[in-house]
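Encoded as structure tokens, the structure appears first; notes follow it.
Positions are given from 1 along the sequence.
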Amino acid sequence: MQDWESAVKYSTYVIDNKAFELSTYATISADGITEFDYMWLYDGGPEVIWRIGFTTTSYGGALGTVFLNFTRDMTYFYPDYVPAEWVLNLYGTSDIRYWAYFADSSITGIETGYDFDIPVPLMVKYYGNRTFTPYYIYHVCMPKPLRLAEQYLIRAEAYCRQAAPDYSRASQDLTTLSNTRKGGAVSVSSSTWQETISDERVKELYMETTFSPSL
């Protein structure tokens, strides 16, 4: 709707709501993994605003099938799609999103059943909820259409698009989000904000169903 002032106003309501907080690499869950990893392994955590609840007896589509297709023989992976190199190159070496979203066969031992090598890591973001896999239900994750992370991205974009752009506040929002992912500081200016925010959206929301104020 291009109402940038309202986008700032209402995203701020959500960001300031104490019911939600960004899932960080620095906080360890009860399972001994980071809050961020828990969000993708078990579909929960303080960052999730709304998810579509699944159970082992009532669940929706297997989102990760096209990226892994483990159930073809329950031994190897047969992906229909792999991440583009330009996407992989956006992430810094310490960024926890890279290690949560992708798996390198040389490190993890993940193998495909194809008779040719795939030169890039496979996307494992949608490997599947780990409470489902003991029931041989693979690649089924609870969709999380609304996450707090996107509110920071929405507000940062709105700060840059409003009549009096505030690149400083936009940079603060992007840095706050990036720091919880161990991604480091992010800065935008009048000439860089559009490409930078686009890249940050890809890094955070890759292959997710998202909503953007610019649509």
Side-chain angles (χ1 to χ4, degrees), residues 1-27 34-54 60 63-64 67 83 87 90-92 95-102 123-126 129 141-162 165-188 192-215:
M1 296 172 63
Q2 300 186 16
D3 183 354
W4 311 119
E5 286 71 23
S6 292
V8 169
K9 176 181 177 180
Y10 291 110
S11 59
T12 298
Y13 285 160
V14 181
I15 290 170
D16 290 346
N17 189 326
K18 300 302 182 183
F20 309 110
E21 61 183 32
L22 291 170
S23 297
T24 173
Y25 75 92
T27 302
T34 69
E35 278 184 345
F36 185 80
D37 286 331
Y38 189 89
M39 181 165 56
W40 300 108
L41 298 179
Y42 296 99
D43 297 322
E47 182 174 317
V48 179
I49 299 171
W50 175 50
R51 72 177 185 185
I52 301 173
F54 290 169
L63 297 176
F67 304 112
V87 171
L90 291 177
Y91 298 90
D95 196 316
I96 61 171
R97 291 171 293 196
Y98 181 92
W99 305 106
Y101 295 171
F102 312 105
M123 182 172 163
V124 294
K125 188 176 186 177
Y126 297 122
N129 187 300
C141 306
M142 301 183 202
K144 297 172 277 293
L146 297 178
R147 290 201 286 119
L148 186 61
E150 191 174 17
Q151 298 304 310
Y152 281 88
L153 293 165
I154 287 172
R155 190 167 71 173
E157 180 179 345
Y159 277 140
C160 295
R161 288 187 180 273
Q162 60 189 6
D166 193 332
Y167 302 115
S168 176
R169 286 188 176 181
S171 297
Q172 290 174 13
D173 276 348
L174 296 172
T175 295
T176 296
L177 174 60
S178 181
N179 280 341
T180 65
R181 283 38 169 153
K182 217 172 182 179
V186 180
S187 179
V188 296
T192 65
W193 71 265
Q194 200 158 14
E195 182 177 1
T196 299
I197 292 177
S198 177
D199 286 347
E200 292 303 309
R201 279 187 161 274
V202 172
K203 288 159 66 175
E204 180 64 34
L205 304 170
Y206 189 56
M207 292 299 172
E208 292 183 50
T209 300
T210 64
F211 305 93
S212 169
S214 60
L215 294 180

Trp4-Tyr159 aromatic ring centre distance below 6.0 Å:
no

What I want to find out is whether Arg97 reaches Glu204 closely enough, with some N-O distance under 4.0 Å, to be called a salt bridge.
yes

Indicate the atoms forming the closest heavy-atom contact of Gly44 with Tyr38, along with that distance.
O-CD2, 3.6 Å

Closer than 4.0 angstrom, basic N to acidic O: yes or no for Lys9 and Glu5?
no

Any Lys/Arg nitrogen of Arg155 or Asp173 sitting under 4.0 Å from an Asp/Glu carboxylate oxygen of the other?
yes

Side chains of Thr196 and Asp199: do they bring a donor and an acceptor to under 3.5 Å?
no

Close side-chain approach of Trp50 to Pro145, heavy-atom, < 4.5 Å:
yes

Quick check: closest heavy atoms across Phe67 and Met123, and the distance to 0.1 Å?
CB-O, 3.6 Å

How about Lys182 and Asp95: do any of their side-chain heavy atoms sit closer than 4.5 Å?
no

Assess whether side chain to side chain contact (heavy atoms under 4.5 Å, CB included) is satisfied between Tyr25 and Thr180, documenting all intermediate values.
CA-CA 6 Å; Tyr25 75 92; Thr180 65; 5.5 Å; no

Residue pair Phe102, Tyr206: steps toward the side chain to side chain contact (heavy atoms under 4.5 Å, CB included) verdict:
CA-CA 11 Å; Phe102 312 105; Tyr206 189 56; 3.8 Å; yes

Close side-chain approach of Arg51 and Pro143, heavy atoms under 4.5 Å
no

Do you know the tightest heavy-atom contact between Ala100 and Val124?
O-CG2, 3.9 Å

Determine, stepwise, if the pair Glu208 / Arg147 fulfils salt bridge (charged side-chain N to carboxylate O under 4.0 Å, His left out).
CA-CA 11 Å; Glu208 292 183 50; Arg147 290 201 286 119; 2.7 Å; yes

Determine yes or no for a side-chain-to-main-chain donor-acceptor pair under 3.5 angstrom, with Ser171 supplying the side chain and Val188 the backbone.
yes

Ile154 side chain reached by Arg201 side chain, heavy atoms, under 4.5 Å
yes

Give the intermediate values and the outcome of side chain to side chain contact (heavy atoms under 4.5 Å, CB included) for residues Lys144 and Glu47.
CA-CA 10 Å; Lys144 297 172 277 293; Glu47 182 174 317; over 6 Å; no

Within-4.5 Å side-chain heavy-atom neighbours: Val8 and Asp166:
no

Where does the angle between the aromatic ring planes of Tyr98 and Tyr91 fall among parallel (under 30°), tilted (30 to 60°) and perpendicular (over 60°)?
perpendicular

Taking C-beta and beyond as the side chain, do Cys160 and Tyr167 meet within less than 4.5 Å on heavy atoms?
yes

So which atom in Tyr126 and which in Met207 form the shortest heavy-atom distance, rounded to 0.1 Å?
OH-O, 2.8 Å

Go through Leu41 and Asn129 one step at a time and tell me if the side chain to side chain contact (heavy atoms under 4.5 Å, CB included) criterion holds.
CA-CA 5 Å; Leu41 298 179; Asn129 187 300; over 6 Å; no

I need the full list of salt bridge (charged side-chain N to carboxylate O under 4.0 Å, His left out) pairs touching residues 15-25, with sequence neighbours left out, sorted by first then second residue.
none

Using modelled atom types and a 3.5 Å cut-off, is there a donor and acceptor pairing between side-chain atoms of Tyr42 and backbone atoms of Asp37?
no

Does some side-chain heavy atom of Glu200 sit less than 4.5 Å from a side-chain heavy atom of Leu177?
no

Do Gln151 and Tyr10 have side chains that approach each other closer than 4.5 Å (heavy atoms only, starting at C-beta)?
no

State which residues pass side-chain hydrogen bond (donor to acceptor under 3.5 Å, both in side chains) with Thr176; sequence neighbours excluded, sorted by chain then number.
none

Answer yes or no: is there a donor N or O on one side and an acceptor on the other, between the side chain of Ser11 and the main chain of Ala7, under 3.5 Å?
yes

Between Asp43 and Met142, the two heavy atoms sitting closest are OD2-N, 2.9 Å

Closest non-hydrogen atom pair, Glu35 against Ser23
OE1-CA, 3.5 Å

